[in-house]
Protein chains: 2
Amino acid sequence: MGRHREFDPDEALHTALQVFRRRGYEGTSISDLTEAMGITRPSLYAAFGNKEDLFRRTLDLYERQHLCFAHVALQAPTAREAVERLLRGYIDVLTDPLSPPGCLGVNGAVACSEASEPIREELIARRIVNENKLRDRLETARAGGDFPSDEDPADWARYVVSIGLGMAVRAASGASREELQRVVDVAMRSWPTVPR
Amino acid sequence: MGRHREFDPDEALHTALQVFRRRGYEGTSISDLTEAMGITRPSLYAAFGNKEDLFRRTLDLYERQHLCFAHVALQAPTAREAVERLLRGYIDVLTDPLSPPGCLGVNGAVACSEASEPIREELIARRIVNENKLRDRLETARAGGDFPSDEDPADWARYVVSIGLGMAVRAASGASREELQRVVDVAMRSWPTVPR
DNA sequence: CATATACCATACCGATTAGTATGATATACT
DNA sequence: AGTATATCATACTAATCGGTATGGTATATG
């Protein structure tokens, strides 16, 4: 019943992701979006709700499509390898030549007006979820003797995520893959070994 | 000749710094500023030019007043100590209870609309200046035998700045001093020693 | 004291913001 | 075929954006 939609919502969502990723949440206007997506304002609102809803859906898509490597990385045999795969994989996302540089989660709303505070908090919450996954991985590593028992998994998860955040800011500023690889090279040198 | 200004420009600039630091460049409106500074729009424009001029002046004030510790830190006797003082001092800035958390240089414009691209580039440029100062310090350290000759000062400067950027994002998200201290604790463990 | 001048207050500017009401158009179901 | 309905295109809303014109007020100089 009714007329058919003349655009592909999934394709449109991919386009929205590109725009949001380059400009952040507040830096992107509805006009920016409709222009890039090739649809009209009412079509956008009918298909995706409001700007905030649309951003959350692009966030979901981003995690599903670009951050999915993390789940696999965490399953590496050793904790060290898991972390290294995490950081190297993240570099690929940050510098993907087909997407604007940087991370949607970081570019999204580091600082913003009061109006988009909910989005900012959503991004912070999602970041914490990911950091906790890494911490849990390190905890099982410790239980399995793959991570020193006198080291705090939370400390190391925090460290690794901080490196990631730093790289994300750098990438958004135009850092090259090679530059970021060297950051990881140095960062991994502090990785603790299990005394035996 | 003429009427006296009824507000203290320096005090007003300090207030502007607080607002910009919390909200970033684009997230801050002129109304936000005039309201916080307790002055009218024409007064603001008469005293500080336009929004971009005002932001650059708050940036100068920020570097003069909050980032000045870096210059001193770099003069520490050893490279390692210089870097550690740099990072610890930065934590103090990021979590100063009298100011909004985070760094003006990072919060300022990670992502933004096309309109404020000049500000974004200004911030990136200033960041590079600071990283180069650190790199130079490490280079003289290497020349003086205080830093391994087979290590690249640029790599380590990049690493240290990345840690700083990561902490800045964390701080803006509400990270505590203690949390950030632990990041530095871990980060410093990779610091190279000179073979002797 | 008179006058020139700098500041303040108010009200405004056009442009843009997110979001929507309206009417035309095209499709699916009865 | 007829009708219900969902989409599309256009035009619109009130609010806010950065920035300014205007006119009153206070002060410094002659």
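Chain identifiers are assigned alphabetically (A, B, ...) following the order of the sequence lines, protein sequences preceding nucleic acid strands; residue numbering begins at 1 within each chain. All values reported here derive from a predicted model rather than from experimental measurement.
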Residue whose nearest DNA chain D nucleotide is more 5′ - Glu26(B) or Arg3(B) |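 The residue whose closest nucleotide sits nearer the 5' end is Glu26(B).
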Would you kindly compare Thr40(A) and Glu6(B) by the position of their nearest DNA chain D nucleotide and give the one closer to the 5′ end?
-> Thr40(A)
Relative to the ring of Tyr25(B), is the ring of Phe20(B) parallel (under 30°), tilted (30 to 60°) or perpendicular (over 60°)?
-> parallel
On DNA chain C, more 5' by nearest nucleotide between Ser31(A) and Pro42(A) is Ser31(A)
Minimum-distance nucleotide to Tyr45(A) side chain [options: dG19(C), dC8(C), dC17(D)] | dG19(C)
Of the listed dT10(D), dA11(C), dA28(C), the closest approach to the His4(A) side chain comes from dA28(C)
Would you say Glu81(A) has more than 12 foreign heavy atoms packed within less than 6.0 Å of its CD?
->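 Yes.
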To the nearest Å, how far apart are [X] [atom1] and [N] [atom2]?
X        : N       : atom1 : atom2 : answer
Ile30(A) : dT16(D) : CD1   : P     : 17 Å
Asn50(B) : dC17(D) : CG    : C1'   : 14 Å
Asp32(A) : dC17(D) : CG    : P     : 17 Å
Leu54(A) : dG19(C) : CG    : C1'   : 14 Å
Ile39(A) : dT10(D) : CD1   : C1'   : 16 Å
Leu44(A) : dT17(C) : CG    : C1'   : 14 Å
Lys51(A) : dT16(C) : NZ    : P     : 15 Å

Please examine the side chains of Asn132(B) and Arg135(B), heavy atoms only from C-beta on, and report whether any two atoms are closer than 4.5 Å.
-> yes
So does Arg41(A) reach the base of dA9(D) with its side chain, donor to acceptor, closer than 3.5 Å?
-> no
Indicate, with a heavy-atom threshold strictly under 4.0 Å, whether Thr28(A) touches base, sugar-phosphate, or nothing.
-> sugar-phosphate
Arg85(B)/Asp92(B) salt bridge by N-O under 4.0 Å criterion = no
